[in-house]
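Remember, predicted model here, so these are calculated numbers, not experimental data. For the numbers below, each heavy atom of this structure counts, side chains included, while hydrogens, waters and symmetry mates do not.
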Amino acid sequence: MANALDPGNMKGSPDPANQIPSDFELTMASAIENALLKLLQQDNMNSFATNTNAPEARDRRRLLIAIAQGVVRHLIDNAGAFQVSGTDSLGQPISASLSINPGTTLLGGI
């Protein structure tokens, strides 16, 4: 979903084993996975394949999705903590509120 802070999910079957789940791809959890991979490679440590849906990848992604789900839920629940203020070109004070669009993969009840 465009303009969404989509945490990611991993619904459905682990098949096919050679395909990234569509509700994981291009999400916060996917970005965390890519950052983890780059950090491991940067330190010449054992890395992992990302173009798979094998059990090892699903195990790792569960943790990454849980982290992303928690971050997005926390941001939604505390959106009022973000305050944008300043002045316009005429020197008049302005302020704005924040609304977070979590996309379609945010779990309910967390």
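- Of the possible polar contacts, one joining the Asn101 side chain to the Gly103 backbone as a donor-acceptor pair under 3.5 Å is found.
- Distance check, rounded to the nearest 0.5 Å: CD of Glu33 to CG of Leu63 gives 11.0 Å.
- In the hydrophobic cluster analysis, where Ile, Leu, Val, Met, Phe, Trp and Tyr join through side-chain heavy atoms closer than 4.5 angstrom, Leu36 is grouped apart from Met28.
- With Thr27 contributing its side chain and Phe24 its backbone, the two residues share a donor-acceptor pair below 3.5 Å.
- Contact annotation: the side chain of Gln41 approaches that of Ser47 to within less than 4.5 Å [non-hydrogen atoms, C-beta and beyond].
- Considering only heavy atoms from C-beta on, Asp59 stays 4.5 Å or farther from Glu56 through its side chain.
- Within the 4.5 Å cutoff, the side chain of Asn46 has no heavy atoms near those of the Leu40 side chain.
- Inter-residue side-chain proximity for Asn9 and Thr104 is flagged as unmet; no heavy-atom pair is nearer than 4.5 Å.
- In this structure, Thr87 and Gln92 have side chains that are not in contact, with every pair of non-hydrogen atoms separated by 4.5 Å or more.
- For the pair Pro102 and Val72, the minimum side-chain heavy-atom distance is below 4.5 Å.
- Two different hydrophobic clusters hold Leu26 and Ile100 under the rule that ILVMFWY side chains link at heavy-atom gaps under 4.5 Å.
- With hydrophobic clusters built from ILVMFWY side chains whose heavy atoms lie under 4.5 angstrom apart, Ile76 shares a cluster with Phe82.
- Checking side-chain atoms of Thr105 against main-chain N and O of Gly8 turns up a donor-acceptor pair under 3.5 Å.
- No donor-acceptor pair under 3.5 Å is formed between the side chain of Asn78 and the backbone N or O of Ala81.
- Note on Ile20: it does not cluster hydrophobically with Leu64, by side-chain heavy-atom contacts below 4.5 Å among ILVMFWY residues.
- A pairwise comparison of heavy atoms in Pro7 and Ala68 identifies O-CB, 3.4 Å as the closest pair.
- Distance check, rounded to the nearest 0.5 Å: CE of Met10 to CD1 of Ile65 gives 4.5 Å.
- Within the 4.5 Å cutoff, side-chain heavy atoms of Arg61 are placed close to those of Pro21.
- Side chains of Thr50 and Leu37 form a contact here, defined as non-hydrogen atoms less than 4.5 Å apart.
- Leu90 shares a hydrophobic cluster with no other residue; no ILVMFWY side chain has heavy atoms under 4.5 Å from its own.
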